[in-house]
Every structure is written in C-alpha cells, then in structure tokens.
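To start, the structure under review is shown below, and the notes come after it.
Quick caveat, the model's predicted, so the values are computed rather than measured. Residue numbers count from 1 along this sequence.
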Amino acid sequence: MIQAQRMPAVFFGHGSPMNTLDDNRYTQAWRRLGQSLPRPQAVVVVSAHWYTRSTAVTAMQTPRTIHDFYGFPQALFDFQYPAPGSPAIATRMRELLQPLNVPADQSWGLDHGSWSVLTHLFPAADVPIVQLSIVRTQPPAFHYELGQRLAPLRDEGILIVGSGDVVHNLSMMQFDGGVDYDWAIRFNDAVKDRLLQRDHAPLVDYTQLDREALLAVPTPEHYLPLLYVIGTQQPDDAVSFPVDGIDLASISMLTVAVGDLS
C-alpha cells in the first residue's frame with residue numbers, strides 16, 4: 001500500500017557498541033529523531049557489520065540479537081533487541097533487486113550496527129526490521145545502484161537506514177582525549193559539502209575526496225552504507241545532519257538524513 005508521505009532515509013554514524021547503553025549527545029539526537037519520524041511500516045538496515053561474499057536479506061520472523069564484538073561489559077552482551085522480522089518485506093526487496101540473485105537468509109539476525117541505533121529510535125522494539133548484507137567483492141558504484149533500486153520502499157512506508165561511520169580508523173583512535181585528526185575533520189567536511197551540493201559522483205568514488213582519504217576509510221565497510229542511503233535520494237529530498245562530531249579522534253559520528261524528518 002502506497003502512503004501519501006515518503007519516508008526518509010537515514011545514515012547513522014553508530015560509533016562504539018557502548019552507544020547502546022550510553023546517554024550522550026549522539027544517542028540523545030537519535031532518540032529525538034525517532035520521536036519526530038513518521039512511524040514506519042518496517043525498517044530496512046544496511047549495516048557495516050554484515051559484510052559478506054554475497055548480497056543477502058534476512059527473511060526470518062524473529063531475528064536474533066547478535067553480539068558481534070568482544071571486550072565490552074557484560075551488560076552489553078546481555079542486551080536483547082527483540083524486534084520482529086518481515087519475510088514479506090524481504091520478498092519485496094528481492095523483487096526490487098532483480099535480476100541480482102539475493103538469497104533469503106535464515107541465519108543472520110540483527111547485528112550491533114542495527115540494534116545499537118534502533119534501540120534509541122524505536123525503544124519498544126515493535127517495528128519489523130530486515131537487514132541487507134554488504135557484498136565485499138563489489139565496487140562502491142554497485143552499492144549506490146542497489147540503493148537506487150530500493151528507493152521505491154520509501155513510498156511504501158519503509159524507513160531505509162544505513163549504519164556505519166563516514167570516518168572509521170580503529171588503529172588511530174585516541175582514548176586519552178587527544179585532538180581530532182585534521183584528515184578526519186577534512187574528510188567528514190568534504191562528505192557533508194558534497195551531500196549538500198547533491199554531488200554524488202565523488203561520494204561514490206570517495207578515494208578522490210581527500211588526499212588522505214584512505215586514512216579516513218582504510219576499509220570500505222563502514223562507509224558503504226552511506227551510498228545505499230544517498231542512492232535513494234529523490235529530486236525534492238533535502239539533506240540534513242541531525243548530529244555530527246568526531247569521536248576518539250578518528251571515528252565520525254555524522255548522521256545524514258535524506259528527506260522530510262517530520
């Protein structure tokens with residue numbers, strides 16, 4: 001059923017899994033966003049943490065909560081996000097992505113790239129969630145095109161979410177309150193500038209955005225979810241940044257919203 005109001009699409013810089021439990025300016029912004037959004041029929045999530053050999057979509061009725069990390073407090077391992085799945089939405093996504101063969105996955109579930117953010121957007125865990133994997137063997141343009149193919153979902157009451165980090169360099173994080181790296185700030189700002197100009201080509205070919213782009217994006221999995229979100233952008237969609245910042249000197253917490261948030 002087509003609804004009158006197009007749902008937005010949102011990319012979240014999810015940062016540390018501890019944002020699941022923490023109360024900070026990022027999680028506060030996510031909660032405000034969840035309160036202002038029209039209630040979706042379902043959420044489709046492209047998470048940096050389902051980075052695989054092939055494109056797949058979760059198609060189970062009750063996806064499990066995956067704790068795909070180590071070294072964190074027990075409270076984080078005890079956390080559950082019991083949102084339902086939606087085999088029907090999974091089928092619709094597979095139709096939209098044809099002729100690409102997209103298996104209906106019954107084993108994955110919801111990883112922390114999904115639930116660390118969604119628990120703030122929809123704390124009751126009562127909105128159906130479907131995850132789409134990121135295939136690691138394809139170039140960025142492939143992921144942008146998949147976002148374009150999924151754009152009709154927004155007119156069907158479905159919120160499309162990308163979860164990653166525009167800047168994500170774990171090896172250079174500073175835990176002692178060090179100054180944010182110049183290259184992290186520059187790359188983050190370059191992304192925002194191109195988004196505001198609706199200039200997607202350099203965002204797809206992101207290595208050209210800055211001379212030190214490979215410091216900001218040493219591996220692509222946390223950046224690629226952004227391309228799915230902007231791939232859904234329509235000519236009348238505005239771009240906004242509900243929250244921004246660099247955490248631990250080398251992790252971008254930028255949230256990018258495409259479309260009307262109210």
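Within the 4.5 Å cutoff, the side chain of L110 has no heavy atoms near those of the T65 side chain. You'll find the side chain of R31 reaches within 4.5 Å of the side chain of D23, heavy atoms only. Contact check for D155 versus P152: no side-chain heavy atoms found under the 4.5 Å cut-off. No side-chain heavy atom of L76 sits under 4.5 Å from any side-chain heavy atom of H67. At a threshold of 4.5 Å between non-hydrogen side-chain atoms, the residues F122 and V43 count as touching. Contact of the M60 side chain with the T58 side chain is registered, since non-hydrogen atoms from C-beta on lie closer than 4.5 Å. Two residues are said to be in side-chain contact when any heavy atoms from C-beta on lie closer than 4.5 Å; R6 and D236 meet this criterion. The shortest side-chain heavy-atom distance between L196 and F241 falls under the 4.5 Å cut-off.
Within 6.0 Å of CG in D199 there are more than 12 heavy atoms belonging to other residues, nucleotides or ligands.
Of all the heavy atoms in N188 and S252, the pair that sits closest is OD1-OG, 2.6 Å. In plain terms, the two heavy atoms of A48 and I134 that are nearest each other are CA-CD1, 4.1 Å. Heavy-atom minimum distance, P63 versus G85: CD-N, 3.2 Å. The minimum heavy-atom distance between M253 and G13, with the atom names listed, is CE-O, 3.2 Å. Nearest heavy-atom pair, V130 versus S86, reported as atom, atom and distance to 0.1 Å: CG2-O, 3.6 Å. Here the closest heavy-atom approach between residue I89 and residue A42 is recorded as CG1-CB, 4.0 Å.
The distance from the CH2 atom of W108 to the CD atom of Q131 is 7.5 Å, given to the nearest 0.5 Å. One distance of note links CD1 of I246 with OH of Y181; it measures 12.0 Å at 0.5 Å rounding. Atom CZ of R194 is separated from atom CG of L203 by 7.5 Å, given to the nearest 0.5 angstrom. Residue L227 holds its CG atom at 10.5 Å from CD of Q148, rounded to the nearest 0.5 Å. With rounding to the nearest 0.5 Å, the separation of CD in Q138 from CG in L224 is 11.0 Å. Here the CG atom belonging to L121 is positioned 6.0 Å from the CG atom belonging to L37, to the nearest 0.5 angstrom.
Remark: the S163 side chain and the H14 side chain contain an N/O donor-acceptor pair separated by less than 3.5 Å.
V102 and W50 are assigned to two separate hydrophobic clusters, defined by single-linkage of ILVMFWY side chains at heavy-atom distances under 4.5 Å. Hydrophobic cluster membership is shared by L209 and L195, with clusters built from Ile, Leu, Val, Met, Phe, Trp and Tyr side chains linked at under 4.5 angstrom. Hydrophobic clustering (side-chain heavy atoms under 4.5 Å, transitive across Ile, Leu, Val, Met, Phe, Trp, Tyr) groups F175 together with L170. Residue L97 is grouped with residue F142 when hydrophobic side chains (ILVMFWY) are merged at heavy-atom distances under 4.5 angstrom, including chains of intermediate members. Hydrophobic clustering (side-chain heavy atoms under 4.5 Å, transitive across Ile, Leu, Val, Met, Phe, Trp, Tyr) keeps I185 apart from L248.
By the 30° and 60° cut-offs, the orientation of the rings of W115 relative to H112 is perpendicular. Under the 30°/60° scheme for interplanar angles, the aromatic rings of Y81 and F79 are found to lie parallel. H143 and Y228 have tilted rings, their planes meeting at an angle from 30° to 60° on a 0 to 90° scale. The aromatic rings of Y206 and Y223 are tilted relative to each other, their planes meeting at an angle between 30° and 60°.
Side chain of R136 to backbone of E221: no donor-acceptor contact under 3.5 angstrom is found. In this structure, the side chain of D165 engages the main chain of G15 through a donor-acceptor pair within 3.5 Å. The backbone N or O of S16 lies less than 3.5 Å from a partner atom in the side chain of N19, making a donor-acceptor pair. Remark: side-chain polar atoms of Q174 are not paired, donor with acceptor, to backbone N or O of S250 under 3.5 angstrom. Formation of a donor-acceptor pair under 3.5 Å by the R149 side chain with backbone atoms of L96 is not found in this model. Put simply, the side chain of R154 never gets that close to the backbone of L159: no donor and acceptor are under 3.5 Å apart. Side chain of S133 to main chain of A56: a donor-acceptor pair is present (N/O by atom type, distance under 3.5 Å, no hydrogens or angles). Side-chain N or O atoms of T119 include none that pairs as donor or acceptor with a backbone N or O of S116 at under 3.5 Å. A donor-acceptor contact shorter than 3.5 Å links the side chain of N169 to the backbone of L215. Although no hydrogens or angles enter the test, the distance criterion places a donor-acceptor pair under 3.5 Å between the side chain of S47 and the main chain of H49.
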Open item on the list: Does D189 form a salt bridge (Lys or Arg N to Asp or Glu O under 4.0 Å) with R186? I'd like the steps, not just the answer.
Closed with: CA-CA 5 Å; D189 287 346; R186 280 202 320 270; over 6 Å; no
Open item on the list: Show, in sequence, the C-alpha distance, side-chain angles and deciding distance for V239 and Q233, and conclude whether the side chain to side chain contact (heavy atoms under 4.5 Å, CB included) test is met.
Closed with: CA-CA 9 Å; V239 172; Q233 187 174 15; 3.4 Å; yes
Open item on the list: If you apply the rule side chain to side chain contact (heavy atoms under 4.5 Å, CB included), what do you find for H120 with F12, and how did you get there?
Closed with: CA-CA 12 Å; H120 297 288; F12 292 91; over 6 Å; no
Open item on the list: Apply side chain to side chain contact (heavy atoms under 4.5 Å, CB included) to residues D244 and T255 and explain how you reach the verdict.
Closed with: CA-CA 6 Å; D244 188 14; T255 290; over 6 Å; no
TODO: Could you please spell out the steps behind the side chain to side chain contact (heavy atoms under 4.5 Å, CB included) verdict for L150 and M93?
DONE: CA-CA 7 Å; L150 293 173; M93 292 169 64; 4.3 Å; yes
Task: Audit row: D247, R25, salt bridge (Lys or Arg N to Asp or Glu O under 4.0 Å) steps and yes/no - done: CA-CA 11 Å; D247 198 21; R25 69 186 187 93; over 6 Å; no
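With salt bridges taken as basic N to acidic carboxylate O contacts below 4.0 Å, one links D126 and R39.
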